[in-house]
There are 2 protein chains.
Amino acid sequence: MVARDSTETRRRLLAAADKLFYGEGIRAVGVDAVAAAAGVTKRTLYYHFASKDHLIEAYLDGRDLPTLERYRGLIADPAAPAAQRIGQIFALVENNARHPDWRGCNFVRAAAEFAGSVGHPARIGAARHKKRFEGWLRELLEAEGVGDAADLARQIMILFDGAVTQILIHRDTSYAKAAGAAALMLLRAHQTEGVPQARTSRRSRATRTVRQELWRNV
Amino acid sequence: MVARDSTETRRRLLAAADKLFYGEGIRAVGVDAVAAAAGVTKRTLYYHFASKDHLIEAYLDGRDLPTLERYRGLIADPAAPAAQRIGQIFALVENNARHPDWRGCNFVRAAAEFAGSVGHPARIGAARHKKRFEGWLRELLEAEGVGDAADLARQIMILFDGAVTQILIHRDTSYAKAAGAAALMLLRAHQTEGVPQARTSRRSRATRTVRQELWRNV
DNA sequence: GTCTATATGCCGATAGAC
DNA sequence: GTCTATCGGCATATAGAC
């Protein structure tokens, strides 16, 4: 009853921030530009977000689960083997990176921009997302009965962000293939060592956010 | 005859830029701060560098070879096997990252900050350095007679930047161990497939720059 | 070569009207 | 809830003296 189309305005502000922050960098974009892109004035932006840092926080938070869900939902067949799932993760990276507007991983870039600001919301948001992503990888591998699932998940996480970084730097998507091949070699090595267990599977949850450019993240 | 202590002033400006850009980010630091840290006025900075972009370019260029030489010079014994060399690369990453002022890789962070600016000197400098680093890895592996040296070098490069990124995000140096272990597993896999060749070795060149904080890069 | 002083504009953030 | 108008500060870059 208190808000007219307040949530809609806020949504538009977030969408504008998302587009501009990802496209040009967080520090490179002023609050003026975000407000203008959302079709409101700066004062309205500051009504919805207490500061630019709060806007940054909301921007990264809005990307966290949708990005995860994008990868969670990769495989329609819940019985697909781990090797296939891992392969498709890196195939998705490669496809995303082919989009002309792709600019790497917003979490990594945010953490890089604010590397010098301890406790900054951008660093907290980035760390939370990456931890979630690594945790999802670990669960996936555990469900497949891979031995040392935590170790392998961490190594795949490293390959993942490493590939994204190299692709961004060289604008060469073939790094995704190299990383995917490495991940499969590591998976094979771990599977030889590990003890096979009963397999379980999980269902993905639907994302709670509005339409997003799904190619965008990593 | 034309310059009094011009080269010294320029050196101080570069040293100040290096410290500030790495510590707080390139866009986060203004030319005022760089000039002040170097003990000169802005006008003097603009006498030595045509623009901030030129200063950024010189900053990254000044880190390129010294960083490479730091890794080149890792192993005193030229007869050390590849596994030992690879292991020490990631051990160096871990040690560097333990320094309280460590902030990840300046090339990756520069590329991340200017991901939206096509053709920016920061992106060019980052790409050149990473290509050189990957090339050095390839030469190192070729000299050891590793089969598919180019492929493995690329995978180790991915693990390298991936680990640095994760360490920066989580402030957890153990990612270097995970990456090092993965690199050794991949090396072993490649060595089983590859055909052993006669070994050659190379000597490192001395760096041409002044004293630098060697822990700083990656 | 380095200085003082300044041009010009955008930065994040706020006051107060409606 | 959104507006107009504005604050003080800092951004990159430059003019001209010495």
Side-chain angles (χ1 to χ4, degrees), chain A residues 1-21 23-60 110 113-114 116-117 119-123 125, chain B residues 1-60 110 113-114 116-117 119-123:
Chain A
M1 200 64 73
V2 94
R4 213 168 23 182
D5 55 350
S6 171
T7 59
E8 166 66 11
T9 301
R10 188 188 149 96
R11 195 198 58 77
R12 289 224 317 276
L13 279 164
L14 268 179
D18 186 81
K19 181 184 165 78
L20 290 169
F21 285 165
E24 305 172 34
I26 296 177
R27 278 195 156 120
V29 172
V31 288
D32 311 73
V34 175
V40 297
T41 63
K42 243 189 311 188
R43 194 65 186 83
T44 300
L45 184 153
Y46 277 101
Y47 172 81
H48 290 279
F49 301 95
S51 67
K52 185 181 181 181
D53 278 356
H54 283 79
L55 179 60
I56 294 168
E57 190 175 2
Y59 151 62
L60 289 178
E113 275 202 79
F114 293 93
S117 313
H120 192 281
R123 301 197 49 174
Chain B
M1 199 67 72
V2 97
R4 216 170 20 183
D5 56 351
S6 170
T7 60
E8 166 65 11
T9 301
R10 188 189 149 96
R11 193 196 59 77
R12 290 224 316 277
L13 279 163
L14 267 179
D18 186 81
K19 181 184 166 79
L20 290 169
F21 285 165
Y22 181 72
E24 306 172 35
I26 296 176
R27 279 197 156 117
V29 172
V31 289
D32 311 73
V34 175
V40 298
T41 62
K42 248 188 309 189
R43 194 63 186 85
T44 301
L45 184 152
Y46 277 102
Y47 172 81
H48 289 279
F49 301 94
S51 68
K52 186 181 180 180
D53 278 355
H54 283 80
L55 179 61
I56 295 168
E57 188 175 4
Y59 151 62
L60 290 178
E113 276 203 78
F114 293 92
S117 313
H120 193 281
R123 302 197 50 175

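So you know, we letter chains A, B, ... as the sequences are listed, proteins then strands, and number each from 1.
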Interatomic distance, [X] [atom1] vs [N] [atom2] [rounded to whole Å]:
{"X": "B/Glu8", "N": "C/dT2", "atom1": "CD", "atom2": "P", "result": "10 Å"}
{"X": "A/His48", "N": "D/dC3", "atom1": "NE2", "atom2": "C1'", "result": "12 Å"}
{"X": "B/Ile56", "N": "D/dT12", "atom1": "CD1", "atom2": "C1'", "result": "11 Å"}
{"X": "B/Glu24", "N": "D/dC10", "atom1": "CD", "atom2": "P", "result": "14 Å"}

Task: Residues forming a side-chain contact (heavy atoms from CB on, under 4.5 Å) with B/Ala15, sequence neighbours excluded - done: none
Task: Under the side-chain contact (heavy atoms from CB on, under 4.5 Å) test, residues paired with A/Ala33 that sit two or more places apart - done: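 side-chain contact (heavy atoms from CB on, under 4.5 Å) check on A/Ala33 returns A/Leu20, A/Val29.
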Task: Those residues that, when tested against A/Ser117, pass side chain to side chain donor-acceptor pair (under 3.5 Å) (two or more places apart) - done: none
- [ ] Take nucleotides 7-18 of chain C nucleotide by nucleotide from the 5' end and write B, S or -, depending on whether a protein heavy atom sits under 4.0 Å from the base, only from the sugar-phosphate, or from neither.
- [x] ----SBBBBB--
Task: side chain to side chain donor-acceptor pair (under 3.5 Å) partners of residues 19-34 of chain B, not counting sequence neighbours, each pair once - done: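 Qualifying pairs: B/Asp32-B/Lys42.
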Task: Results of ring pair (Phe, Tyr, Trp, His ring centres under 6.0 Å) for B/Phe114 - residues two or more places apart only - done: B/His120
Does [X] put a side-chain nitrogen or oxygen below 4.0 Å from OP1 or OP2 of [N]?
{"X": "B/Thr9", "N": "C/dG1", "value": "no"}
{"X": "A/Thr41", "N": "D/dC3", "value": "yes"}
{"X": "A/Tyr47", "N": "D/dG1", "value": "yes"}

Open item on the list: Do A/Phe21 and A/Leu60 make a side-chain contact, defined as non-hydrogen atoms from C-beta onward lying under 4.5 Å apart?
Closed with: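 Not in contact.
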